[in-house]
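Below: the structure, in structure tokens.
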Protein chains: 2
Amino acid sequence: MNGDHMNRPLTFILADDHALVREGLKMLISTMDNMSVVAEAADGEALLEQVTKTRADLLLLDLGMPGVAGIQFISDIRELVPRLKIIVLTANIEPRTVRAAVEAGASGYLTKDGDPEELGEAIEAIRKGGTYLARTVRFAVGEASGSGRQHAVPDILSPVPLTRREREILALVAQGLTAREIAERLGISPLTVRKHRENLMGKLNLHSAAELTAYAVRLGLPTA
Amino acid sequence: MNGDHMNRPLTFILADDHALVREGLKMLISTMDNMSVVAEAADGEALLEQVTKTRADLLLLDLGMPGVAGIQFISDIRELVPRLKIIVLTANIEPRTVRAAVEAGASGYLTKDGDPEELGEAIEAIRKGGTYLARTVRFAVGEASGSGRQHAVPDILSPVPLTRREREILALVAQGLTAREIAERLGISPLTVRKHRENLMGKLNLHSAAELTAYAVRLGLPTA
DNA sequence: GTCGATATACGCCACATGCCGTATGTTTTC
DNA sequence: GAAAACATACGGCATGTGGCGTATATCGAC
């Protein structure tokens, strides 16, 4: 971001739990000028190791990885290694998630069903110190000042920061457990679990365990 | 399978709703000898068009595509174009799904988190007229005769053929709708919906709407 | 024409859930 | 050290759900 315009190659960490997808992305990146993949990770633990061990410039992060509780992970990494820019790569196009990712410190947000060229555009934008949102989700953030959004933003919820406990309980609800089962597993009262769940539904604007489950699955939490 | 050992290149159709993933797979395949991708499809409709229009040898099918009601689609395509061999590519490793896919006529079953080399191995096996299952799911089918399975197969359910109505209701349950809402939408009694749901849970060995939802989402049904 | 599968519909019961309120102790933040 | 956020816990009430049984109409297969 200072004097190294485009001499030194940009280094990447690839984080995606699908080896086949990683392989494909590596191929894609290797066809670009001055780019190289220096590390890969298939789960959150491996990723944490790699981000501290390597000195990569960019992290291409699949939000659907096991052991990666989504958004929270972004802020964790930003705190740990501030110089590492994060590009989120996911199938999730919910406005809620996009906003949360950006506010957590992601520099880019790409969707898996987007135009492959967007990867290059995102890298370029971020190298210049900017941020990049995939065209498919750009409407989600309201454009801040732009000419005029074509679609109204559906739900105006704040980025919905979940507490640690809430995330924990969301993950268990997502596995189809009842309040009682969750309570047993956590060693607390079923009534407390219910309260947490109520708070979750309030924050996320959902209205049933099934919707919570769907939300969690789409968010990439493990479901079995 | 007859005289064309390896002169004519093998032609592929890629079906995956994620353009980025398709791009990566295309790269991967292009690095192999005598392989070429002749068509791509991002949804079920486009795919149906391509399978009839082109005369490809192999279909690499992501089971998570929108508009593709999973397994059912495999038998549909097999009926339509019997010469086209199907390799399923999915993140779903449920024994139930694996067995169902194979019985529906899939020649291969690869998982997205599997070893990328498996793609080559699968193609080779299928070219010889065999079938190929990813190592991560091979246990699911019981090996039929094999030396000895390392893990017992957890649930012994038959491949679970769902009726049209049941699939319809599964999709709606998966969106978090209550029995009443589903009944209104279909113009039938809520009690009937409940019965269908009970039958579904019986067939799939699930025990709550949340589990049904998780199942449907993993299966690739739309959830919003 | 009968049999089986499917779709339809109802009732009962125990239990879980969603929504409301209140309360207390702990931890984090300012 | 005060204020805010969080985790804990309880109660009531209307509704939904899961598991059970029963019953009828339709339709395609044999």
Side-chain angles (χ1 to χ4, degrees), chain A residues 69 71-72 75-76 79 100 103-104 155 157-217, chain B residues 69 71-72 75 79 100 103 155 157-217:
Chain A
I71 306 302
Q72 184 67 27
S75 21
D76 290 353
E79 229 175 289
E103 301 207 5
D155 56 357
L157 278 176
S158 52
V160 195
L162 300 183
T163 70
R164 188 175 311 246
R165 199 55 149 177
E166 282 169 345
R167 264 192 296 277
E168 198 172 1
I169 285 178
L170 175 58
L172 294 169
V173 170
Q175 290 171 45
L177 301 184
T178 67
R180 178 176 297 169
E181 293 167 330
I182 295 173
E184 274 172 23
R185 195 174 290 206
L186 297 181
I188 61 181
S189 160
L191 297 163
T192 304
V193 173
R194 288 184 51 176
K195 177 54 84 184
H196 282 305
R197 195 171 45 187
E198 285 175 28
N199 293 339
L200 268 172
M201 289 192 288
K203 282 186 179 180
L204 300 173
N205 195 26
L206 304 174
H207 304 279
S208 73
E211 287 179 52
L212 260 189
T213 304
Y215 178 82
V217 174
Chain B
I71 306 301
Q72 185 67 27
S75 20
E79 229 175 288
E103 300 206 7
D155 57 357
L157 277 175
S158 53
V160 196
L162 300 183
T163 70
R164 188 176 312 246
R165 199 55 149 178
E166 282 169 345
R167 264 193 295 276
E168 198 172 0
I169 286 178
L170 176 58
L172 294 169
V173 170
Q175 289 172 45
L177 300 185
T178 67
R180 178 176 297 169
E181 293 166 330
I182 295 173
E184 274 172 23
R185 195 174 291 206
L186 297 181
I188 61 180
S189 159
L191 297 162
T192 305
V193 174
R194 290 185 50 173
K195 177 53 87 183
H196 283 304
R197 197 172 42 188
E198 283 178 31
N199 293 339
L200 269 171
M201 288 192 288
K203 282 185 179 180
L204 300 173
N205 194 27
L206 304 174
H207 304 278
S208 73
E211 286 180 53
L212 260 189
T213 303
Y215 178 82
V217 175

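Chain identifiers are assigned alphabetically (A, B, ...) following the order of the sequence lines, protein sequences preceding nucleic acid strands; residue numbering begins at 1 within each chain.
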Let's go through A/Q175 and A/L172 carefully: what are the C-alpha distance in whole Å and the side-chain angles of both, what is the deciding distance for side-chain contact (heavy atoms from CB on, under 4.5 Å) to 0.1 Å, and is it a yes or a no? CA-CA 5 Å; A/Q175 290 171 45; A/L172 294 169; 4.3 Å; yes
Give the rounded distance in Å between these two atoms: [atom1] of [X] and [atom2] of [N].
| X | N | atom1 | atom2 | answer |
| --- | --- | --- | --- | --- |
| B/L177 | C/dG18 | CG | P | 14 Å |
| B/E181 | D/dG16 | CD | P | 9 Å |
| B/R165 | D/dT26 | CZ | P | 16 Å |
| B/L200 | C/dA5 | CG | C1' | 15 Å |
| A/I182 | D/dA9 | CD1 | C1' | 16 Å |
| B/N199 | D/dT17 | CG | P | 16 Å |
| B/E166 | C/dA5 | CD | C1' | 11 Å |
| B/M201 | D/dT17 | CE | P | 10 Å |

Atom pair [atom1] ([X]) and [atom2] ([Y]), whose distance is rounded to the nearest 0.5 Å:
| X | Y | atom1 | atom2 | result |
| --- | --- | --- | --- | --- |
| B/I169 | B/I188 | CD1 | CD1 | 5.0 Å |
| A/I182 | A/R197 | CD1 | CZ | 6.5 Å |
| B/N199 | B/L170 | CG | CG | 12.5 Å |

So, is A/H207 close to the C/dC19 phosphate, meaning a side-chain N or O under 4.0 Å from OP1 or OP2? yes
Under 3.5 Å: donor-acceptor pair, side chain of B/E184, backbone of B/E181: no
Rounding to 10 degrees, work out the angle separating the end axes of the helix from C/dG1-D/dC30 to C/dC30-D/dG1 (five pairs an end). 60°
Shortest non-hydrogen contact between [X] and [Y], atoms and distance:
| X | Y | answer |
| --- | --- | --- |
| A/A183 | A/S189 | CB-C, 3.7 Å |
| B/A210 | A/G176 | CB-CA, 3.9 Å |
| A/S208 | A/M201 | N-SD, 3.6 Å |

So if I take residues 183-198 of chain A and measure heavy-atom distances to DNA chain D, which residues fall below 4.0 Å? A/I188, A/S189, A/L191, A/T192, A/R194, A/K195, A/H196
With sequence neighbours excluded, tell me which residues meet salt bridge (charged side-chain N to carboxylate O under 4.0 Å, His left out) with A/R165. A/E168
